[in-house]
Amino acid sequence: MSGASRRDIAPASDEDLLDWVQRQTLDYFFGFAHPVSGMARERSNPVANYDYLETVTSGGTGFGVMALIAGASRGFLPRAAVRDRIRQIVAFLGRCESYHGVFPHFLQGDTGAAIPFSAQDDGGDLVETAFLMVGLLCARQFFSGREPAEKELREGINRLWHAVEWVWHTRDDDVLYWHWSPRHGWDMDHAITGWNECLIAYVLAAASPTHAIAPHVYHRGWTNSQVFRNGERYYGIELPLGPRFGGPLFFSQYSFLGLDPRGLHDRYADYWRQNRAHALINRAHCVANPKRFYGYNAECWGLTASDGDVGYGAFCPVHDRGVIAPTAALSAMPYTPRESSDVLRHLYELDRAHSRFGFVDAFNMSQNWYAPGNLAINQGPIVVMIENYRSGLLWDLFMSCAEVTEGLRRLGFERSEQMAEQPY
């Protein structure tokens, strides 16, 4: 698939622009996918330390599966081709290295062997596996037909989903741990506590029909952090949870590609309010621009984890180096539709911000730097969250899983149906 070029649609309406950016970005996961595994390559440009053409990513593939579903739903890609691509991915995952059902962060795209993310991080990555499972569960719900190919796909997804030993990752403690390796065991010793992008790991761990955690692991573990509760105001906007000024924007995006925040609340927060506040604070910081970076304004905002002119970083108001990432504002579109649409139109007119896959990963106008490539974990949320803004598709699919409904109930989540229907 190749999306329409700028010349094909200019001048563009708002709907044209949404179509264009989804089509262009989607090609990262269809045309640029690894030919053997069908999985998403980690990035699209050469870097030191690993082969970018052979390194595929588990979490980025989960995001990509959701993007492919959006493409099939909109008719940007043939439904059968998307189904067969996801069947290819599922079959490959069934042959890959995994550890208690948990996949590594990076895999060799042709063999399925683990690629170490760091010296001790060479085994299972629970958070990346959670992102992967969200995508696969959405595919299971989307491909619900009676024909043998769809039935086979659902069965393959269920085998992978049921194999994840979430409770193993508690180490008999009251918290989930991120990593385990057959060579290094629990040496990473990284407890998953909030507030950040990892909420979905706890939701899925509670939802598992085979290896579920007890609810107290969520209430005693996830919330046991100095940066969980907030309650302060930044630029006049109250932030219920998270670090000062909210942190990078992927905190309010990755877990919520499938988990629907509309009307969702528990004893700790209203998650629609949390995510909208996070996006608005990030925007307000860029508009205020306390460090006077060139290019920041109401049409050019958005700080998150991305490539940068001096290397990859988790950019945010308290770690602001002048690096704007298109995924930040575009993937916030459900929360800030008008403000994010302003960014989309601005980026569309900014020639150097364009890439083969829509927009570059990031840019720093103060340094006259534009990223030479793209990252799967930033491309996927653009397609998925724009689709959730347009139709709620991925939210509806994930929340239709009976296991997810039960997992949320076990953890004490509730939904306000009125808010769920009228979020804006």
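In this chain, numbering begins with 1 at the start of the sequence shown.
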### Task
Please lay out, stage by stage, how Tyr235 and His285 fare under the test side chain to side chain donor-acceptor pair (under 3.5 Å).
CA-CA 8 Å; Tyr235 300 103; His285 168 83; 3.3 Å; yes
### Task
Show your reasoning for whether side chain to side chain donor-acceptor pair (under 3.5 Å) applies to Asp260 and Tyr271.
CA-CA 9 Å; Asp260 185 354; Tyr271 291 95; over 6 Å; no
Aromatic rings [X] and [Y]: how do their planes relate, parallel, tilted or perpendicular, breaks at 30° and 60°?
| X | Y | result |
| --- | --- | --- |
| Tyr50 | Phe106 | tilted |
| Phe359 | His354 | perpendicular |
| Tyr335 | Trp272 | perpendicular |
| Phe357 | Phe32 | tilted |

Indicate yes or no: does [X] engage [Y] in a salt bridge with an N to O separation below 4.0 Å.
| X | Y | result |
| --- | --- | --- |
| Arg338 | Asp14 | no |
| Arg41 | Glu54 | no |
| Arg262 | Asp396 | yes |

Return the set of residues passing ring pair (Phe, Tyr, Trp, His ring centres under 6.0 Å) with [X] (not counting sequence neighbours), or none when no residue passes.
| X | answer |
| --- | --- |
| Tyr370 | Phe363 |
| Phe256 | none |
| Phe251 | none |

### CZ (Arg171) with more than 12 external heavy atoms under 6.0 Å
yes
### Task
Would you mind listing every salt bridge (charged side-chain N to carboxylate O under 4.0 Å, His left out) that reaches into residues 94-119, with sequence neighbours excluded?
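Output for this query is empty, none listed.
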### Query
Within 45° of the ring axis of Tyr234 and under 6.0 Å from its six-membered ring centre, is that where the NZ or CZ of Arg244 lies?
no
### Query
For Arg356 and Gln24, what are the C-alpha separation, side-chain angles and deciding distance, and is it a side chain to side chain donor-acceptor pair (under 3.5 Å)?
CA-CA 7 Å; Arg356 170 185 169 187; Gln24 291 290 118; over 6 Å; no
### Task
Test side chain to side chain donor-acceptor pair (under 3.5 Å) on Gln141 and Ser400 and set out the steps.
CA-CA 7 Å; Gln141 301 303 101; Ser400 73; 3.0 Å; yes
Can any side-chain N or O of [X] pair as donor or acceptor with the backbone N or O of [Y] at less than 3.5 Å?
| X | Y | result |
| --- | --- | --- |
| Asp266 | Ala269 | yes |
| Asp361 | Gly373 | no |
| Arg276 | Pro334 | no |
| His278 | Gly247 | yes |
| Ser58 | Thr129 | no |
| Asp309 | Asn364 | no |
| Ser252 | Leu249 | yes |
| His34 | Gly109 | yes |
| Thr25 | Gln22 | no |
| Arg83 | Phe143 | no |

### Task
Carefully, step by step, assess Thr193 and Phe228 under the rule side-chain contact (heavy atoms from CB on, under 4.5 Å).
CA-CA 8 Å; Thr193 61; Phe228 183 74; over 6 Å; no
Beyond-backbone contact of [X] with [Y], side-chain heavy atoms, under 4.5 angstrom:
| X | Y | value |
| --- | --- | --- |
| Leu394 | Ile69 | yes |
| Leu350 | Met365 | yes |
| Trp195 | Ser225 | no |
| Tyr254 | Cys198 | no |
| Val175 | Tyr177 | yes |

For [X], enumerate each residue passing the salt bridge (Lys or Arg N to Asp or Glu O under 4.0 Å) test, keeping only those at least two apart in sequence or located in another chain.
| X | result |
| --- | --- |
| Glu150 | Arg79 |
| Arg183 | Asp122 |
| Glu155 | Lys151 |
| Asp307 | Arg43 |

#### Entry: side-chain hydrogen bond (donor to acceptor under 3.5 Å, both in side chains) pairs, two or more places apart, involving residues 286-305
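Pairs touching residues 286-305 that pass the test: Tyr296-Asp320.
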#### Entry: Nearest atoms (heavy-atom pairs only) where Val164 meets Ser208
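Result for this residue pair: O-OG, 4.4 Å.
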### Query
When Ile386 is tested against each of Asn388, Val384, Ile382 for side-chain contact (heavy atoms from CB on, under 4.5 Å), which residue passes?
Ile382
### Task
Take Trp168 and Trp186 through the ring pair (Phe, Tyr, Trp, His ring centres under 6.0 Å) test and state the conclusion after the steps.
CA-CA 11 Å; Trp168 165 264; Trp186 301 107; 5.8 Å; yes
### Under the side-chain contact (heavy atoms from CB on, under 4.5 Å) test, residues paired with Ser341 that sit two or more places apart
Met333
### Set of residues satisfying side-chain contact (heavy atoms from CB on, under 4.5 Å) with respect to Asp125, sequence neighbours excluded
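Checked Asp125 against side-chain contact (heavy atoms from CB on, under 4.5 Å); matches are His105, Asp121, Val127, Glu128, Trp178, His179.
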### Task
Before giving the answer on side-chain contact (heavy atoms from CB on, under 4.5 Å), spell out for Ile324 and Cys286 the whole-Å C-alpha distance, their side-chain angles and the decisive distance to 0.1 Å.
CA-CA 9 Å; Ile324 296 291; Cys286 292; 4.3 Å; yes
#### Entry: Under 3.5 Å side-chain donor-acceptor pair for Arg321 and Gln367
no
### Message
Distance alone, cut at 3.5 Å: any donor-acceptor contact between the side chains of Ser306 and Asn378?
### Response
no
### Query
Gln253: what forms a side chain to side chain donor-acceptor pair (under 3.5 Å) with it, not counting sequence neighbours?
none
#### Entry: Derivation of the side-chain contact (heavy atoms from CB on, under 4.5 Å) call for Trp180 and Val102
CA-CA 9 Å; Trp180 182 82; Val102 178; over 6 Å; no
### Task
Could you walk me through whether Trp20 and Tyr348 pass the ring pair (Phe, Tyr, Trp, His ring centres under 6.0 Å) test, one step at a time?
CA-CA 10 Å; Trp20 175 84; Tyr348 178 76; 5.4 Å; yes
### side-chain contact (heavy atoms from CB on, under 4.5 Å) between Met385 and Leu257, intermediate numbers included
CA-CA 6 Å; Met385 290 300 259; Leu257 299 184; 3.5 Å; yes
